[in-house]
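One structure below.
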Amino acid sequence: TPDSPDIANNGDNPSADPTDAPEDTGDDMSGDDMGEMVMASISSDARLDPAVASADDTAVLEASSYIYDTLFGADGTEGLALDWAVSDDGLTYEVRLRANAVFSDGTPVDSDAVIANFYRWFDPENPLHGAGNYEAWLMYFEGFREEVPLDGEPSSLFDGVEKVDDLNFLIHLFEPMDDLTDILAMPQFSILNPDVMEAAGADYGLQATPIVGSGAYQVQSWDAGGLL
């Protein structure tokens, strides 16, 4: 195989837990005692942008689960969100972020970053939305902003997200979603650094652009051989 770039442990992020990573199988990834991992399943033309990945992009989604972090963990556990509460009608989620969560470039993961990601997914007119299909968003939230069918009801189950302060925000829904935290725990709904996405433009996630996440590992290198 060609020389492989590494995903190095993101020791600067207290919210990242590398022990959550799957065991090394010896096939597509390898590790060492210094907290580095090499994955051999990412081609050089892949796009490490989980929001626009399809369900078939298993290698991208797997790598994204190491590089990026989500608001919630599997089975209702904590992720970037430290705690949350749901209104009696199930239409509003009040979420509090971890105060110590940062992206690998040191930028805080705050309410503004989270809100930027939601509107990137939800709003086709948002500058960060780009040309992606957002397959997972459509599957679970059923529509984009201002999509209104003939019955006059919004297509999307998602109504919006509202900042309370730097660490607290509200998620508003048109209909209750009992599995919302499980959905937002999927790698397709990872929280990416909006400043880095804006700087990279339509090329974000490609080999030539910086890959900045808040997960347990960070991209150290990605060579022409296409290994990660």
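In plain terms, the two heavy atoms of P50 and Y68 that are nearest each other are CD-CE1, 3.5 Å. Between I211 and G205, the closest heavy-atom pair is CD1-CA, 3.7 Å. Here the closest heavy-atom approach between residue A46 and residue V60 is recorded as CB-CG2, 4.2 Å. The minimum heavy-atom distance between A116 and P194, with the atom names listed, is CB-CB, 3.7 Å. Shown here for Q188 and A53, the closest heavy-atom pair between the two residues is CG-O, 4.5 Å. The minimum heavy-atom distance linking L128 with R120 is given by the pair O-NE, 2.9 Å.
Considering only heavy atoms from C-beta on, F122 stays 4.5 Å or farther from Y134 through its side chain. Under the 4.5 Å side-chain criterion, counting only non-hydrogen atoms from C-beta, F118 is in contact with I171. The shortest side-chain heavy-atom distance between N133 and V52 does not fall under the 4.5 Å cut-off. L184 has its side chain out of reach of Y140: every pair of non-hydrogen atoms, C-beta onward, lies at least 4.5 Å apart. The closest side-chain heavy-atom distance from F72 to T77 is not below 4.5 Å. Counting only heavy atoms from C-beta outward, the side chains of V164 and S111 never approach each other to under 4.5 Å. Between D69 and S190 the shortest side-chain heavy-atom distance does not fall below 4.5 Å. Contact annotation: the side chain of D112 approaches that of K163 to within less than 4.5 Å [non-hydrogen atoms, C-beta and beyond].
In this structure, W84 is a member of the same hydrophobic cluster as L157, with clusters built from ILVMFWY side-chain heavy atoms closer than 4.5 Å. Side-chain heavy atoms closer than 4.5 Å link hydrophobic residues (I, L, V, M, F, W, Y) into clusters, and following such links, even through other members, never connects L61 to W222. Cluster annotation: M139 is connected to L180 through the hydrophobic network of ILVMFWY side chains, with a link wherever side-chain heavy atoms come within less than 4.5 Å. When the side chains of ILVMFWY residues are joined at heavy-atom separations under 4.5 Å, either directly or via intervening members, L138 and F158 end up in a single hydrophobic cluster.
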*Quick one: do D105 and V196 satisfy side-chain contact (heavy atoms from CB on, under 4.5 Å)? Show the steps, please.*
CA-CA 10 Å; D105 64 355; V196 174; 4.0 Å; yes
*Step by step, work out the side-chain contact (heavy atoms from CB on, under 4.5 Å) result for S155 and F141.*
CA-CA 8 Å; S155 297; F141 293 93; over 6 Å; no
_Could you walk me through whether V95 and N168 satisfy the side-chain contact (heavy atoms from CB on, under 4.5 Å) test, starting with their C-alpha distance in whole Å, then the side-chain angles of each, then the deciding distance to 0.1 Å, before giving a yes or no?_
CA-CA 6 Å; V95 183; N168 294 272; over 6 Å; no
_Residues Q207, L48; criterion side-chain contact (heavy atoms from CB on, under 4.5 Å); working and verdict_ = CA-CA 8 Å; Q207 187 182 52; L48 285 175; over 6 Å; no
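Among L71, D83, D165, the single residue meeting the side-chain contact (heavy atoms from CB on, under 4.5 Å) criterion with L97 is L71. For the ring-ring contact (aromatic ring centres under 6.0 Å, His included) criterion with H129, the lone passing option out of Y119, F144, Y204 is F144.
A donor-acceptor pair is defined here as one N or O able to donate and one able to accept, closer than 3.5 Å; such a pair exists between the side chain of D110 and the backbone of A113. Checking side-chain atoms of S87 against main-chain N and O of T92 turns up a donor-acceptor pair under 3.5 Å.
Using cut-offs of 30° and 60° on the angle between ring planes, the pair W121 and F189 is perpendicular.
Atom CG of L170 sits about 9.0 Å away from atom CD1 of I115, to the nearest 0.5 Å. Between the CZ atom of R96 and the CD atom of E94 there is a distance of 10.0 Å, given to the nearest 0.5 Å. Atom CD in E175 sits 10.0 Å away from atom OG in S156 (nearest 0.5 Å). Separation of atoms CE (M197) and CG (D203) is listed at 14.0 Å; rounding is to 0.5 Å. Taken from CG in N193 to CD1 in I191, the straight-line distance is 11.0 Å, to the nearest 0.5 Å.
Using a 3.5 Å distance cut-off with no hydrogens or angles, the side chains of S54 and D56 do not pair a donor with an acceptor.
Pairs engaging residues 164-188 under the ring-ring contact (aromatic ring centres under 6.0 Å, His included) rule: none recorded [sequence neighbours left out].
In terms of the salt bridge (charged side-chain N to carboxylate O under 4.0 Å, His left out) criterion, residue partners of E78 (sequence neighbours excluded) are, by chain and number, R98.
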